[in-house]
S.K.: 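Here it is: the structure, laid out below.
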Amino acid sequence: MAAIVGSRKVSNKRQKAINKFVVNKVIPPLMALTIFLVIWQLLCLNPNFKLPGPIETISETWNPFIIHPFFDNGESDKGLGWQILNSLGRVGLGFSLAAIVGVILGIFIGVNTLLYNAVDPIFQVLRTIPPLAWLPISLAAFQQANPSAIFVIFITSIWPILINTTVGVQNIPQDYVNVARVLRLKGIKFYLKIVFPATVPYIFTGLRIGIGLSWLAIVAAEMLVGGVGIGSFIWDAYNTTTETNMSEIIIALVYVGLVGLILDRMVAFVAEKVVTTEQK
């Protein structure tokens, strides 16, 4: 009997948690989205409003861009699924390189005051350069579109990772350093046991900012370098603008936004798990 009562309490508690999640996290965004779509549709009733409405956008892109996102007619005539995957491949490579280089450099710069004072002004100048301003240099250096786009991702996303890691190292509590001295932790053990765990929250803050910047940069870069990718798809659709193509551009932007949200939530989820593990 006691087991049944306990099971009911757990079930009721779980149901209350689900209801709270739905009320606080699901219903408000759905209401906001509904209001946005209604306003958008009403604006389209104005003859001077040149963009298609949500109903028209969905009807014009339903087949094949929504229900068949992975169609492949050769060359760059591919579904939005393939376009997104190609862009994600470039982002994954460029962002991974930026994460590795940014974390390693950030740790070494953070523990060395002289090195920090030497390179910080340079980094502060470089990080303010817009991503697309690097594209001519990368094209001249690599002579190919794909590595050039990857370089733009790398150079765009490395700065928040590098700077946040450096700040994290510089804010390590003195108690941690004292413990390292007592335990005689030196060299690689000092970095693995003290520096890296204490810096993890800062590192993931930089990673979360970096992944967002990476996704922004690849869409813009692909508009210029061409090939297969969501940015190229949007630009090609714009250059052959018709009412149907405008719908294709809008649905592509929806895909871009959703993928950006997923990437941000993925990094945030991993950060939460890693930080919780480090704290234990």
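Since we're looking at a predicted model, the values are computed, not measured.
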S.K.: Would you kindly say whether S232 and Q83 are connected by a side-chain donor-acceptor distance under 3.5 Å?
M.R.: no

S.K.: Flag yes if I104 and V101 sit in one hydrophobic cluster, no otherwise; membership is Ile, Leu, Val, Met, Phe, Trp, Tyr, and two members link when side-chain heavy atoms are under 4.5 Å apart.
M.R.: no

S.K.: Is there side-chain contact between N239 and W235, with heavy atoms separated by less than 4.5 Å?
M.R.: yes

S.K.: Is the side chain of T166 donor-acceptor paired with the backbone N or O of I109 at a distance under 3.5 Å, no angle test?
M.R.: no

S.K.: Scan residues 128-151 for pairs that pass side-chain hydrogen bond (donor to acceptor under 3.5 Å, both in side chains), counting only residues two or more places apart or in two chains.
M.R.: R90-N146

S.K.: With side-chain contact (heavy atoms from CB on, under 4.5 Å) as the criterion, how do F71 and F65 come out once you've worked through the C-alpha distance, each side chain's angles and the decisive distance to 0.1 Å?
M.R.: CA-CA 8 Å; F71 74 84; F65 293 104; 4.1 Å; yes

S.K.: Give the cluster check for F154 versus F142: same hydrophobic cluster or not, with ILVMFWY residues linked at side-chain heavy-atom distances below 4.5 Å.
M.R.: yes

S.K.: If you define the side chain from C-beta out and look only at heavy atoms, does anything of W215 sit under 4.5 Å from V256?
M.R.: yes

S.K.: Linking I/L/V/M/F/W/Y whenever any side-chain heavy atoms sit under 4.5 Å apart, do L216 and V225 land together?
M.R.: no

S.K.: Stepwise, does the side-chain contact (heavy atoms from CB on, under 4.5 Å) test hold for L88 with L263?
M.R.: CA-CA 10 Å; L88 284 174; L263 290 175; 4.1 Å; yes

S.K.: Which is it for R208 and T205 under the side-chain contact (heavy atoms from CB on, under 4.5 Å) test, yes or no, and what are the steps along the way?
M.R.: CA-CA 5 Å; R208 192 171 180 181; T205 298; 5.9 Å; no

S.K.: Run the ring-ring contact (aromatic ring centres under 6.0 Å, His included) check on F269 and F204 step by step: do they pass?
M.R.: CA-CA 10 Å; F269 176 79; F204 274 98; over 10 Å; no

S.K.: Are F95 and I230 connected in a single hydrophobic cluster, I mean Ile/Leu/Val/Met/Phe/Trp/Tyr linked by side-chain heavy atoms less than 4.5 Å apart?
M.R.: yes

S.K.: Give a yes or no on this: more than 12 heavy atoms of other residues, nucleotides or ligands lie within 6.0 Å of atom CH2 of W82.
M.R.: no

S.K.: Determine, step by step, whether E56 and S247 satisfy the side chain to side chain donor-acceptor pair (under 3.5 Å) criterion, reporting the C-alpha distance in whole Å, the side-chain angles of both residues, the deciding distance to 0.1 Å, and the verdict.
M.R.: CA-CA 8 Å; E56 185 180 357; S247 296; 5.2 Å; no

S.K.: If you count every heavy atom of other residues, nucleotides or ligands that lies below 6.0 Å from I129 atom CD1, does the total exceed 12?
M.R.: yes

S.K.: Quick one: which of T34, I27, L33 gives a side-chain contact (heavy atoms from CB on, under 4.5 Å) with M31?
M.R.: I27

